[in-house]
Amino acid sequence: MVIPDARPGQVRIVLVDDHAIVRQGIRSILEREQDLRVVGEASTTEEALAVVLREHPTVVLLDLKLSIGTDTEGLNLCEQLTSRHPEVGVLVLTTFLDDALVVEAVQRGARGYVVKDVDTTELVRSIRAVARDESAFDSRSAAAVVRSMRAEPAQTVLTERESKVVGLLARGLSNKDIGARLYISETTVKFHVRNIMRKLNVSTRTEVVYEATKLGVL
């Protein structure tokens with residue numbers, strides 16, 4: 001979806017979220033600001049890439065979950081956008097708050113990360129900061145970045161949720177069963193398992209358990 005006629009000097013924004021009602025709500029909030037203008041909307045990776053290529057936005061407001069296929073499809077899209085359009089600032093706006101997610105979003109090129117329950121003033125301030133090529137994080141996301149910076153370079157840090165996943169992996173549970181135990185989706189479990197494998201530098205579930213035991217996680 002494309003919204004035409006942005007005026008010169010305005011911050012041009014593309015909204016990427018798979019829920020139309022969410023996009024409509026955010027657009028109605030942002031367009032109360034004289035200097036902000038939503039010039040396009042997208043609900044999928046393909047739509048987002050096409051709209052950004054066509055509309056040349058200043059900022060892309062990006063949710064991490066864009067389909068029922070994966071809870072973090074937006075991370076891949078973030079990387080594609082920032083590599084193809086380095087002049088565009090990507091601001092993650094999502095319901096997910098996890099240290100690993102925040103850090104990975106930054107590593108994939110996001111200039112900011114805010115959670116969807118952020119107040120309107122904070123969201124607008126973050127968009128303006130990203131438009132100025134600055135970083136923008138709400139207080140909780142900023143704390144996650146600080147924690148990652150304080151971690152010892154050689155230290156493997158698993159989040160509390162990842163440690164729980166490792167414990168259930170050690171008991172031989174499937175992704176489906178782990179999701180049921182932790183009240184999260186199976187795709188979210190898969191995401192956590194991939195992150196754990198990356199952090200531990202292993203490629204199998206058995207190796208995860210072995211390395212976690214050596215680190216004292218289990």
Next on the checklist: Just so I know, are the side chains of Leu93 and Tyr113 near enough to count as touching, which here means a heavy-atom distance under 4.5 Å?
Outcome noted: no
Next on the checklist: Just so I know, are the side chains of Glu207 and Thr204 near enough to count as touching, which here means a heavy-atom distance under 4.5 Å?
Outcome noted: yes
Checklist entry - Any side-chain heavy atom of Ser43 sitting closer than 4.5 Å to one from Arg23? => result yes
Item to check | Lys164 and His192, any side-chain heavy atoms less than 4.5 Å apart | outcome: no
Checklist entry - Can you find a heavy atom in the side chain of Arg181 that is under 4.5 Å from one in the side chain of Leu173? => result yes
Checklist entry - Do Arg205 and Asn175 have side-chain atoms, one donor and one acceptor, less than 3.5 Å apart? => result yes
Next on the checklist: Run the salt bridge (Lys or Arg N to Asp or Glu O under 4.0 Å) test on Glu31 and Arg37 for me, step by step, so that the C-alpha distance in whole Å, both residues' side-chain angles and the decisive distance to 0.1 Å come before the verdict.
Outcome noted: CA-CA 6 Å; Glu31 292 193 335; Arg37 176 71 173 177; 3.7 Å; yes
Checklist entry - How close do Leu81 and Val60 get, heavy atom to heavy atom, and via which atoms? => result CD1-CG1, 4.0 Å
Checklist entry - Do Asp99 and Thr159 meet the criterion of a side-chain donor-acceptor pair at a distance under 3.5 Å? => result no
Item to check | Glu87 CD: over 12 foreign heavy atoms closer than 6.0 Å | outcome: yes
Next on the checklist: Are more than 12 heavy atoms, taken from residues, nucleotides or ligands other than Asp119, located less than 6.0 Å from that residue's CG atom?
Outcome noted: yes
Checklist entry - Are Thr58 and Ile13 side-chain neighbours, meaning at least one heavy-atom pair lies under 4.5 Å? => result no
